[in-house]
Amino acid sequence: MVGTDASLRDQARLIVIGPRNRARCPVGVADRDRVTGGAGVGQPGNTSTGTFTHFTEFVPARLKNESVTDGRAGGRRTGRGRRNRQTPGQKEVRAGSAAGDTRRANFLELFFDLVLVFALSGVVSRVAPDLSADTFTRRWAGLLYVLVLVLPMMWLWTTTAHITSRFDPRRPAAQAMVLFTALGVVFMASSLPYAFVARGYAFAVPYVVLQVGRPLFLISLRRDRAQRALYTRSAIWFTVSAVPWLAGILAQGGSRVGLWALAITIDLVAARFSWPVPGMSRQSDSAWDPSKTHHLAARYEQLLLIALGETVLSLGITYTNTPVSLVTTLAMVVGFATTVLLWRIYYYRAGQVLPEAVDSAGDRVRAGRNVGRAHVLMVLGIVLVATGYEIVVTHPGGHVRPAWLATILGGPIVFVIGRIGLERVVFNRVSPSRLIGIAALTAVALPLAFTTPLIAAAVALVVLLGMALADARHAWGLPLEAPSPATARPKRG
């Protein structure tokens, strides 16, 4: 009976696979000819149509509940007549996991991402004139402005992504919240040119209203005690940080920058410790928890793509508004190539398998937090890269100023540091090429101080190209690497 069952199983496999995939079928030629009479499935001489509708008519009842799509041992049966193939070393994807969740970002979430593009582009346009100013203090202050302006935008995006991971974004209440948040980000982005001299209210008030109002609104929607406690604690801490946010409106210049820097620091540090409040339970309720139906890993992948798109947008606008010449065109090409390399370094290969890595991590909550921090660093690096190339396109020749050099080389360095954090989560290692690249970018800073912005940008491009080539060389001739997420102390190599 075993031999009969195996023969019937092989015959059923031919019908399911069809004529296009027969080459992948492990059944021998003799077995195929015995079933089809020397003709392929669906070909003359064979009465089978090769469609799946004929499968249950052909297979006996005792085989209908067995796997017929994969005759190899080791596959895990996942349902009637199906078996989940797994390559060696690849972990199973759990239902409802980051990799297996069928719910992906909907159009409303992607619309919110487009609003973020407008906000990040506004930061670049706001900071670039400061870096080009004649005064030494204003040029270096521009780098601090990047942190004070980008971090609130990123924190709004992060909290919104966590909300849509806990709530179905197709619900009217969740949609209204996302749209209201998008409107607030538009107000904040429109105030960026005057954020530190006037109209500070247009930046601070929407942020405070969103960060305090949304938790209070969510408390009324949730019956889960842990989530209600979480939103209550966060609302309390956002109220505390609202004091320096709103006080900054009454100040100007450096005082406003200092107060807002203090406010965003309070927000991030309080969130790091789950918004502790004396007398209240600190029960964890992370959106990365395995019990949650989420798509945060995919959302962070989209965030990086959005940030890279903002770089192309800023580069194209700057080149359009600059008199065209050979050097400006070369600067634009170098900037575009740098953006492509950042994309390549991110997505190959950690970015490609990020959802699977988070899903199979030993401590998924911790892995998710590390993923979030890594992406914030990478977005900061991308914004610095975009700002640097706005300077390179408008001032390709002449002497490079120290603040310019810090932006041109610092952007890739910050990006690579974030990429190292991502690699530790996904593959539990630190590639030597990343450390060598950071060391090279740091070492060339002094000699590049006597060159031009275009030369400095070209050198940064060469270093990033070396990292990408090292990745390609490491993977040459080998199968695609499966994620091996960090569950212990990271290893090098």
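Sequential numbering from 1 along the given sequence is applied to the chain's residues. For clarity, every value in this text was computed on a predicted model and none was experimentally measured.
With a 4.5 Å cut-off on side-chain heavy atoms, Val383 and Val124 count as touching. Looking only at side-chain heavy atoms (C-beta outward), Val400 and Leu448 stay at 4.5 Å or farther from each other. With contacts defined as side-chain heavy-atom distances shorter than 4.5 Å, the pair Arg166/Leu218 does not qualify. Side-chain atoms of Ile420 and Ile438, non-hydrogen and from C-beta on, do get closer than 4.5 Å to each other. Counting heavy atoms from C-beta on, the side chains of Tyr347 and Leu354 never come closer than 4.5 Å. Between Phe167 and Leu221 the shortest side-chain heavy-atom distance falls below 4.5 Å. By the 4.5 Å heavy-atom criterion applied to side chains, Leu151 and Asp267 are not counted as neighbours. Put simply, the side chain of Pro412 reaches to within 4.5 Å of the side chain of Val385, judged on heavy atoms.
For the atom pair Ile382 CD1 and Leu377 CG, the distance stands at 11.0 Å (nearest 0.5 Å). In this structure, the separation between NE2 on His162 and CZ on Arg299 is 11.0 Å, given to the nearest 0.5 Å. Atom CG of Leu446 is separated from atom OG1 of Thr442 by 12.0 Å, given to the nearest 0.5 angstrom. Residue Thr322 holds its OG1 atom at 8.0 Å from CD of Glu390, rounded to the nearest 0.5 Å. The CG atom of Leu313 sits 11.5 Å away from the OG1 atom of Thr339 when rounded to the nearest 0.5 Å. Note: Phe118 CZ to Met188 CE = 12.0 Å, rounded to the nearest 0.5 Å.
Legend: residues meeting side chain to side chain donor-acceptor pair (under 3.5 Å) with Tyr145, ordered by chain and number and at least two apart, are absent. Contacts of Ala457 classified as side-chain contact (heavy atoms from CB on, under 4.5 Å), with partners at least two apart in sequence or in another chain: Val334, Tyr389, Val392, Ile408. For the side chain to side chain donor-acceptor pair (under 3.5 Å) test, residues two or more places apart in sequence or in another chain that qualify with Arg214 are Thr159, Thr160, Thr181, Gln211. Listed by chain and number, the residues in a side chain to side chain donor-acceptor pair (under 3.5 Å) with Trp404 amount to none (sequence neighbours excluded). Under the rule for a salt bridge (charged side-chain N to carboxylate O under 4.0 Å, His left out), the partners of Arg434 that lie at least two apart in sequence or sit in another chain are Glu423, Asp471.
Nearest heavy atoms, Ala297 versus Pro355: CB-CA, 3.7 Å. Here the closest heavy-atom approach between residue Pro447 and residue Thr451 is recorded as O-CG2, 3.8 Å. For the residue pair Pro396 and Val327, the shortest heavy atom distance occurs at CG-CG2, 3.8 Å. When all heavy atoms are compared, the tightest approach of Leu465 to Leu341 is N-CD1, 3.6 Å. The nearest pair of heavy atoms linking Val127 to Gly142 is CG1-O, 3.3 Å. When every heavy atom of Ala460 is checked against every heavy atom of Leu441, the shortest pair comes out as CA-CD2, 3.9 Å.
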*List the steps and the verdict of side chain to side chain contact (heavy atoms under 4.5 Å, CB included) for Leu108 and Leu179.*
CA-CA 8 Å; Leu108 186 60; Leu179 290 175; 3.3 Å; yes
*asked:* Could you go through Val353 and Phe427, starting from their C-alpha distance and side-chain angles, then the distance that decides it, and tell me whether this counts as side chain to side chain contact (heavy atoms under 4.5 Å, CB included)?
replied: CA-CA 10 Å; Val353 294; Phe427 294 118; 4.0 Å; yes
*Tyr346 and Leu422: side chain to side chain contact (heavy atoms under 4.5 Å, CB included), yes or no, with the steps?*
CA-CA 9 Å; Tyr346 172 77; Leu422 183 68; 3.4 Å; yes
*asked:* Pair Leu156, Leu116 - check side chain to side chain contact (heavy atoms under 4.5 Å, CB included), show working.
replied: CA-CA 10 Å; Leu156 273 175; Leu116 183 66; over 6 Å; no
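In this structure, Phe336 places its CZ atom where only 12 or fewer heavy-atom neighbours from other residues, nucleotides or ligands lie under 6.0 Å away.
No side-chain donor-acceptor contact under 3.5 Å links Arg344 to the backbone of Ala468.
Screening Asn370, Leu304, Leu380 against His375 for a side chain to side chain contact (heavy atoms under 4.5 Å, CB included) leaves a single residue, Leu304. Here the options are Glu109, Gln302, Glu301, the test is side chain to side chain donor-acceptor pair (under 3.5 Å), and the partner is His295; only Glu109 passes.
For residues 303-318, the side-chain hydrogen bond (donor to acceptor under 3.5 Å, both in side chains) pairs, not counting sequence neighbours, are Glu310-Ser314.
Aromatic ring centres of Tyr231 and Trp275: separated by at least 6.0 Å.
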